[in-house]
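Here the structure is a predicted model, which is why all the values come from computation and not from measurement.
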There are 2 protein chains.
Amino acid sequence: MRILLILNAVLLLAPSSAAQRLRELNLMPMPSTVQLGTGALPIDQSFSTRVTGFQDATLERGVQRFVAELSQQTGMLLKHKPAEPTNPTLLIHADHDREPVQKLREDESYELAITDSGAKLTAPTPLGILHGLQTFLQLVETTPAGFAAPAVTIKDQPRFPWRGLLIDVSRHFIPLEVLKRNVDGMAAVKLNVLHLHLSDDQGFRVESKRFPKLHEMGSDGLYYTQDQLREFLAYARDRGIRVLPEFDTPGHSRSWFVGYPVLASNPGPYRLDPEGPDSVTDPTQDGTYKFLDKFVDEMARLFPDAYFHIGGDEVDGKHWDANPKIQAFIHSHGMKNHQDLQAYFNQRLQKILTKHHKLMIGWDEILHPDLPKSIVIQSWRGQESLAAAAKQGYSGLLSFGYYIDLMWPAARHYAVDPMSGAAATLSPEEKSLILGGEACMWTEWVTPEMLDSRVWPRTAAIAERLWSPQDVTDVASMYARLDKVNWRLDGLGLTQRSGSFRMLHRMVGTDEISALRILADIVEPVKDYTRMESVKGPWDFRAPLNHLVDAVSPESEAARHFRDQVQAYIRSDYKDQAAEAQIRTLLTTWRDNDMKLRPSLQRSFLLLEVTPLSEDLSALGAAGLQALDSLDKSEPSSEAWRTQELSLIERARTPKASLLLMVVASVQQLIEASAGQTKK
Amino acid sequence: MRILLILNAVLLLAPSSAAQRLRELNLMPMPSTVQLGTGALPIDQSFSTRVTGFQDATLERGVQRFVAELSQQTGMLLKHKPAEPTNPTLLIHADHDREPVQKLREDESYELAITDSGAKLTAPTPLGILHGLQTFLQLVETTPAGFAAPAVTIKDQPRFPWRGLLIDVSRHFIPLEVLKRNVDGMAAVKLNVLHLHLSDDQGFRVESKRFPKLHEMGSDGLYYTQDQLREFLAYARDRGIRVLPEFDTPGHSRSWFVGYPVLASNPGPYRLDPEGPDSVTDPTQDGTYKFLDKFVDEMARLFPDAYFHIGGDEVDGKHWDANPKIQAFIHSHGMKNHQDLQAYFNQRLQKILTKHHKLMIGWDEILHPDLPKSIVIQSWRGQESLAAAAKQGYSGLLSFGYYIDLMWPAARHYAVDPMSGAAATLSPEEKSLILGGEACMWTEWVTPEMLDSRVWPRTAAIAERLWSPQDVTDVASMYARLDKVNWRLDGLGLTQRSGSFRMLHRMVGTDEISALRILADIVEPVKDYTRMESVKGPWDFRAPLNHLVDAVSPESEAARHFRDQVQAYIRSDYKDQAAEAQIRTLLTTWRDNDMKLRPSLQRSFLLLEVTPLSEDLSALGAAGLQALDSLDKSEPSSEAWRTQELSLIERARTPKASLLLMVVASVQQLIEASAGQTKK
């Protein structure tokens, strides 16, 4: 009893505590150190900036964007003027220039001090300034007295130097305007590497002047010209983002073979067609390496980053096995198997990269003791392979656990730490080889229309994992801040919310989508590779992605909030009346929704398939209400009723139209609780 | 009784009738003739186009955009391929090229024939093709069997040759990307003139190489360069839109005087400042005309349109009266007043325009018998002045009734016809001088952030008035189609919906805006010039527009739907239970909303002012529910109660925070009905 009282006292105090205050701020990723002061800096139309110390055009553009974003964020017509006052609202000072090409481990630190009379942002280089400006924007709040930034002293630098987002632009082409707004999103949460998966079986997406049949025949006409890419690379650099190009080889490379079948291990012809023949690169011919030498030469000039990603994943040995000439090569060179052959290929490719002044990076499978320690292993397999690489002296980054195409909730990604598991046992020196990680947006089921909704806001949680101290792990705090980040990213032009509404309108075919939204808000796409596994025959990358599963968010905010309310209600011994009222309102809405939604479902071929989901939701609503009545009246429900309702629960748990109803478990809890619980 | 039965029979038949079917289609503006066929053309991934007859790059780009929009609209990955099949889904045929510079009265007609096996679009020129492609896009529906366009034969041409939208880019600068998406919206509803109000007291928005102090000193640095404008003009031409430049003179021209005070009637200096000195152009100096000659020469080369708008409105004579030199000029030239002086100025300016091959257009005030019949009068005063001009042989267009900054509902604009009132009595010859009209988006209270929401969807109703036959006047049909147009325009990238959500998030400062949305959805900004009149002292064009009044739609869809439901309920003699249930749900939501919204209101300086509105809405909800109970139980309410509630109605009717609660009248109806109504 005493403990409870103390806990209550703490809870009562909590709103004014520093931890609670931090959670209320929009900061994401959480800075290394935050010291809260007293008071706040008013942000009004007199807002001004002044840059001292190092200055250049990049920094100038960065400050201009900052003022424009602050203007957008507040609705005040702020303008960055070249001649700013000596006593500005925000003083910005960088010591010296950044590297001409952004480097791994380049200093990104900054310090931001805000008092009620002014703010000062200092950093060694403009890179830190860019991060600090984003922090400042996140601090600006709407208060009863006006816009204001709380008094605070922040000293901040990243935990890991490599914080990336991979976007697969091969399976579905992603236009540069979509990439640009995602770069803006990355900058807002302090990510610093955009990894472009530029080629795969389904498309080769970069113009090659040396080998024009790569993009001409290896794509459906959708690719980036070199001029467009140069402009884009400058855009990313301006925002402190490195761009890492990946050309996947020797596997995942059918798109190369459409124009250049000679590179393949099996005779063609090849075509961009799900049903067409498949192959991998032939590593036994000198011609392959001559081709790669010229190709890398061209791409190394286009992409300035020090690293060059060669893919190297999932090489299917059967194509090499099926070619007698390749089998003979393996035997004559004393190799044991096709892993050895791939290692041979990688060694030759690595020499080509070195010749063109590039460092090699590739997926787990490229790890081989014959390769130099300068290469980087990107692990899609887990912390174990990362640790194994580190023990051999290789650098690595983690992508296992950060595959955002698997539709996991943010909390699950958030719990994945590059330094956990096997990596936790490494020596400090070995640990320093773990560079960070990358969220991976594979696009088998993603078009430009819903890309933003697959990337955001969950990637912001991964960004926090990679930037913030290891002990920043409070999931409730993360979600509280993630919800805010979500609409702030929306303000940058990302479409993770608005895009969904447009798709719902299309499905319904009218302007009335409220009933469909109620269903859409509490479902999630099936997880992992369930959707891919449900495909009969070869996966067709040209199939339209215009179903409800394509429109809904990977993680339902509404279902999470419902779960929280049910937990609060149960924790209160069914006494929390506010929670009960909210639960009742939602259950009633769900119960009644099927009737409202039914006409839309019957009118649209895109929605017929969700009819059983809508029915299930209605039944869940009714069952939940009955359970709530039992709990409310302290009248235990009958076992017969519960048995019947729990069979409904089982039915509702089964995916339909590749969608999961995310409120099933909470309703089940209510039904089970109705068995014997009484108010205390 | 018999009549009622027949009416009911008609209502029951209505859904299958042609009129009802037309209303269900998304067509807006309604074509001249629509003949419905049977069946529908399936639109699937095999969709293809083929262009025969005249072909050029503009047409090719138009077809490419069409396919991209169809792809966006359906979520299918459609691509326009250069080599299309001989038997395409849609055959496109234009007879010959359009004019090198789009002309007034250029043929815009087209014919579209759709059967269940294919569609054919023919037109004299690509202009008609562009319109026909938009019609095709509007016809594509989501059906139980897939996407489809109904079998239909459409022969279509505009009623008026001049269908415009004026955007004032001076009071608030509007970036070209915002103008571009509005041009897309214009093309979607077949408008064909974008009138840019490029200069006014608050800013001069075009780069002048001849007189650089115009844009450098006459703006806050926000203006269009000539290169940018050339690119934009090509963009508009590609979409069948003429761009009409307006440089307002001799009034509304303080921004000219900041850099060139010598042009003004009073000594300066001038500055861009609401509190600064004001003036008008001095028409008595030869220097003024030398300046204008060079200026028009430069701008005439930049803007290819045959017309050049000189403004000419609201010249304040006091500045001329105050200058003895100008007074002497008036007397020495035998003029009676400053109207004569303005006519003198216009005549000289008209000669300059003729020299540079431009036709003059100006507001009502420029009408003067000494000007040639080639000029066009744009009437902000009404059909009377339009008719008066036509009787004197002058062409004209109507903007009176189409001022969309006045926050009128679409129905009110829709009811305004250029040929009504005094214009209805004109001879056929005189009538042919009435060219059409222009919606006017003055931007005193509009920034780029909410421009789209002020323009759309209401301007689509004006577009229908100007394109469709005069007898297309069914308001219910218009609204049914306008609601669909609204989200379709959203799909083009217009932000009239999403922009509002962003502003609400800013006001609340969190991600939870549902309670604020409930209030926001049923209020409208005050009408006419009420907001301007509420300003104390000079209007400050730099003031932030970030209040609730800036975020809400000019016309509340939700309030309109509520009104319709209350009407249906009353018409049914209070027997329509579906209507009653919906009314009850809404009233309950409103009654309970204030409690939910209150914490947000108290937390945000932007929302404090709407507290009384939220209280009123809550009271209206409670009063409406009580009235509904009376009606439901056939128990008349007491007079004392009604008197008390009607005083609440009076209070709720008063604007607060420049906002009107749009459900007051409907709740009042319920209260009044509760007096003695009983169920029959």
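Remark: B:Leu606 CG to A:Phe147 CZ distance equals 4.5 Å, nearest 0.5 Å. In this structure, the separation between CD on B:Glu557 and CD on A:Glu512 is 9.0 Å, given to the nearest 0.5 Å. Atoms CZ and CZ, on B:Arg497 and A:Arg502 in that order, are 10.5 Å from each other to the nearest 0.5 Å.
Heavy-atom pairs under 4.5 Å with chain A were tallied for B:Val485, B:Val508, B:Asp220, B:Thr74; the largest tally goes to B:Thr74. Most heavy-atom pairs under 4.5 Å with chain A, from the set B:Gln72, B:Met76, B:Arg506: that is B:Arg506. Most heavy-atom pairs under 4.5 Å with chain A, from the set B:Leu78, B:Asp550, B:Asn546: that is B:Asn546. Ranked by non-hydrogen atom pairs under 4.5 Å with chain B, the options A:Arg542, A:His172, A:Arg488 are led by A:Arg542. Among B:Leu601, B:Leu607, B:Asn26, B:Thr510, the residue making the largest number of heavy-atom pairs under 4.5 Å with chain A is B:Thr510.
Annotation for B:Ser498 and A:Ser498: closest pair CB-CB, 4.1 Å, computed over non-hydrogen atoms. For the pair A:Thr142 and B:Gly509, the tightest heavy-atom approach, listed with the atom from each and the gap, is OG1-CA, 3.8 Å. Residues A:Gln45 and B:Pro544 come closest through the heavy atom pair OE1-CD, 3.1 Å.
Heavy atoms of A:His547 lying under 4.5 Å from chain B are absent altogether. Of the atoms belonging to B:Leu608, it is side-chain heavy atoms, and not backbone ones, that fall under 4.5 Å from chain A. For A:Phe173, no part lies near chain B; criterion is any non-hydrogen pair under 4.5 Å. Interface remark: A:Met507 contributes backbone atoms only to the contact with chain B (heavy atom separation under 4.5 Å). Neither the backbone nor the side chain of A:Asn486 comes within less than 4.5 Å of any heavy atom of chain B.
Along residues 447-454 of chain B, the residues that come nearer than 4.5 angstrom to chain A, judged on non-hydrogen atoms, are B:Thr447, B:Glu449 in order of number.
Within the 3.5 Å criterion, the main-chain N or O of B:His505 finds no donor-acceptor partner in the side chain of A:Trp487. Using modelled atom types, no side-chain atom of B:Lys79 and backbone atom of A:Leu222 make a donor-acceptor pair closer than 3.5 Å. With A:Asp511 contributing its side chain and B:Lys484 its backbone, the two residues share no donor-acceptor pair below 3.5 Å.
Applying the salt bridge (Lys or Arg N to Asp or Glu O under 4.0 Å) criterion to B:Glu555, with sequence neighbours excluded, gives no partner residue.
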